[in-house]
Amino acid sequence: MTNIEKVAAARGRRSGFVIGSSFVIRLPRRSWAKAGHSSFTALSAFTLIELIVVVTIIFILAGLVLSTVGYAQKKGARARAETEIAAISAALESYKADNAVYPRDAPHTDVLNSTNDGNPVDYAAACRYMYGEVTGDRDFDGSTDNGSKSYITLKPTSMLRADMSQPPSSSNQVTAIRDPFGNSYGYSTMMAASGSGGYNPTLDLWSTCGESGPKAGETFQQYQLRWIKNW
């Protein structure tokens with residue numbers, strides 16, 4: 001036995017066991033890192049708290065994105081309503097230039113009160129009459145009648161009708177001019193007819209911007225501040 005073998009045997013007797021050459025002691029990952037083994041990449045799992053934090057952040061970001069998208073869509077719809085009201089107003093002026101009066105209908109446009117009626121459901125009859133006059137579509141099938149003059153061209157998407165999935169026709173008649181929020185525009189000549197019930201001496205034209213009445217604790221005038229209107 002060589003001297004080296006004697007020393008190894010003596011060490012084995014003192015420790016009580018002999019470590020074979022194939023036996024390897026593996027340190028925990030954190031111990032490897034603390035031991036300075038920079039070449040070792042520690043694989044750590046997420047804790048429950050970390051997962052909750054990540055999920056919470058994702059929900060917050062998703063909420064911010066959705067609210068921003070909703071705001072942008074509503075702002076775009078308001079801009080479209082302003083443009084459409086300007087176009088309808090121009091058509092009404094052209095109609096008056098040819099007929100000396102604005103479209104008026106005693107049972108409908110002369111009784112719609114723009115100072116206290118904020119429900120678009122009540123606007124359809126008056127708006128429908130105005131639509132028929134400025135488009136020349138008095139049978140409400142979506143196209144200008146023969147011999148009639150059109151002062152404005154509307155897309156089918158701007159025409160309210162019973163079945164919006166189908167184009168306008170004699171069996172799917174136009175019921176009103178549709179604002180960008182899916183409701184009828186308001187059109188009133190009550191002020192011209194009676195001297196009250198409106199704002200302009202000639203006609204009132206407006207959109208409630210998708211709303212149908214004041215919020216809780218809100219006055220009608222506060223509600224009207226959110227409208228797009230020609231006064």
Side-chain angles (χ1 to χ4, degrees), residues 65-99 101-105 108-137 140 142 144 149-161 164 168 174-192 197-215 218-231:
V65 170
L66 290 176
S67 63
T68 302
V69 170
Y71 172 78
Q73 289 177 337
K74 188 170 184 178
K75 187 175 181 180
R78 288 184 65 89
R80 276 183 54 203
E82 291 175 352
T83 302
E84 291 177 359
I85 284 178
I88 296 171
S89 296
L92 291 167
E93 292 298 331
S94 297
Y95 178 95
K96 180 179 182 294
D98 286 349
N99 299 278
V101 293
Y102 294 104
R104 276 185 58 187
D105 179 46
H108 301 118
T109 68
D110 286 355
V111 298
L112 179 57
N113 192 329
S114 58
T115 66
N116 62 20
D117 193 339
N119 189 350
V121 173
D122 301 334
Y123 304 164
C127 187
R128 188 188 199 212
Y129 176 80
M130 181 267 287
Y131 159 83
E133 293 300 300
V134 296
T135 62
D137 177 23
F140 309 109
T144 303
K149 182 176 180 179
S150 177
Y151 298 91
I152 189 172
T153 301
L154 298 175
K155 297 179 180 179
T157 53
S158 295
M159 302 176 190
L160 271 177
R161 48 199 184 275
M164 290 298 294
V174 178
T175 57
I177 301 178
R178 179 179 184 269
D179 71 10
F181 301 89
N183 297 324
S184 169
Y185 277 107
Y187 176 75
S188 172
T189 56
M190 188 173 182
M191 188 70 171
Y199 295 96
N200 288 321
T202 52
L203 62 91
D204 292 340
L205 181 63
W206 71 95
S207 166
T208 65
C209 298
E211 300 185 49
S212 58
K215 297 178 181 178
E218 185 179 52
T219 66
F220 190 82
Q221 289 69 32
Q222 290 173 323
Y223 169 44
Q224 280 188 318
L225 292 176
R226 295 191 296 277
W227 292 8
I228 302 296
K229 47 195 182 292
N230 73 337
W231 68 84

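Model, not experiment: these values are computed from the prediction. Count residues from 1 along the sequence. The figures that follow rest on heavy atoms only: side chains count, while hydrogens, waters and symmetry mates do not.
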Heavy-atom donor-acceptor pair, [X] side chain to [Y] backbone, under 3.5 Å:
X	Y	answer
Thr208	Gly118	no
Ser158	Leu154	no
Asn99	Val101	no

Rounded distance [0.5 Å steps], [atom1] in [X] versus [atom2] in [Y]:
X	Y	atom1	atom2	result
Leu205	Tyr102	CG	OH	11.5 Å
Met191	Ser114	CE	OG	9.0 Å
Leu225	Glu218	CG	CD	8.0 Å
Tyr123	Asp179	OH	CG	10.0 Å
Cys127	Asp122	SG	CG	13.0 Å

Side chains of [X] and [Y], heavy atoms from C-beta outward: is any pair under 4.5 Å?
X	Y	value
Asp98	Lys149	yes
Phe140	Thr175	no
Leu92	Pro103	yes

*Start with the C-alpha gap between Ile228 and Cys209, add the side-chain angles, then the distance that decides, and say whether side chain to side chain contact (heavy atoms under 4.5 Å, CB included) holds.*
CA-CA 7 Å; Ile228 302 296; Cys209 298; 3.4 Å; yes
*Does any donor atom in the side chain of Glu133 or Tyr151 lie under 3.5 Å from an acceptor atom in the other side chain?*
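Per modelled atom types, Glu133 and Tyr151 side chains form no pair under 3.5 Å.
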_Glu211 and Tyr223 side chains, donor-acceptor separation under 3.5 Å_ =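 Note: Tyr223 and Glu211 side chains miss the donor-acceptor criterion.
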Testing the basics here: between [X] and [Y], what is the closest heavy-atom pair and its distance to 0.1 Å?
X	Y	value
Met159	Arg161	O-NH1, 2.6 Å
Tyr187	Ala126	O-CB, 3.4 Å
Arg178	Leu160	CB-CG, 3.6 Å
Ala192	Thr202	CB-O, 3.5 Å
Gly198	Thr115	N-CG2, 3.6 Å
His108	Ala125	CD2-CB, 3.4 Å

*Name all residues meeting the ring pair (Phe, Tyr, Trp, His ring centres under 6.0 Å) criterion together with Phe181; count only those two or more places apart in sequence or in a different chain, and write none if there are none.*
none
Please report, to 0.1 Å, the donor-acceptor pairs under 3.5 Å made by any side chain of residues 77-88, with sequence neighbours excluded.
unit_1 : atom_1 : unit_2 : atom_2 : d
Arg78  : NH1    : Arg226 : O      : 2.8
Thr83  : OG1    : Ala79  : O      : 3.1
Glu84  : OE1    : Tyr185 : OH     : 2.6

*What's the verdict on side chain to side chain contact (heavy atoms under 4.5 Å, CB included) for Ile177 and Met130, showing C-alpha distance, side-chain angles and the deciding distance?*
CA-CA 9 Å; Ile177 301 178; Met130 181 267 287; 3.9 Å; yes
*Apply side chain to side chain contact (heavy atoms under 4.5 Å, CB included) to the pair Leu203 and Asn230, showing each step before the final yes or no.*
CA-CA 9 Å; Leu203 62 91; Asn230 73 337; 3.5 Å; yes
*In terms of ring plane angle, is the pair Trp231 and Tyr199 parallel, tilted or perpendicular, where the classes change at 30° and 60°?*
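Answer is parallel, since the angle falls under 30°.
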*Quickly, which of Thr109, Asn200, Asp105 forms a side chain to side chain donor-acceptor pair (under 3.5 Å) with Thr189? Name it, please.*
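Per the side chain to side chain donor-acceptor pair (under 3.5 Å) rule, the option paired with Thr189 is Thr109, out of Thr109, Asn200, Asp105.
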*Please test Arg104 against Asp110 for salt bridge (Lys or Arg N to Asp or Glu O under 4.0 Å), starting from the C-alpha separation and ending with a verdict.*
CA-CA 7 Å; Arg104 276 185 58 187; Asp110 286 355; 2.9 Å; yes
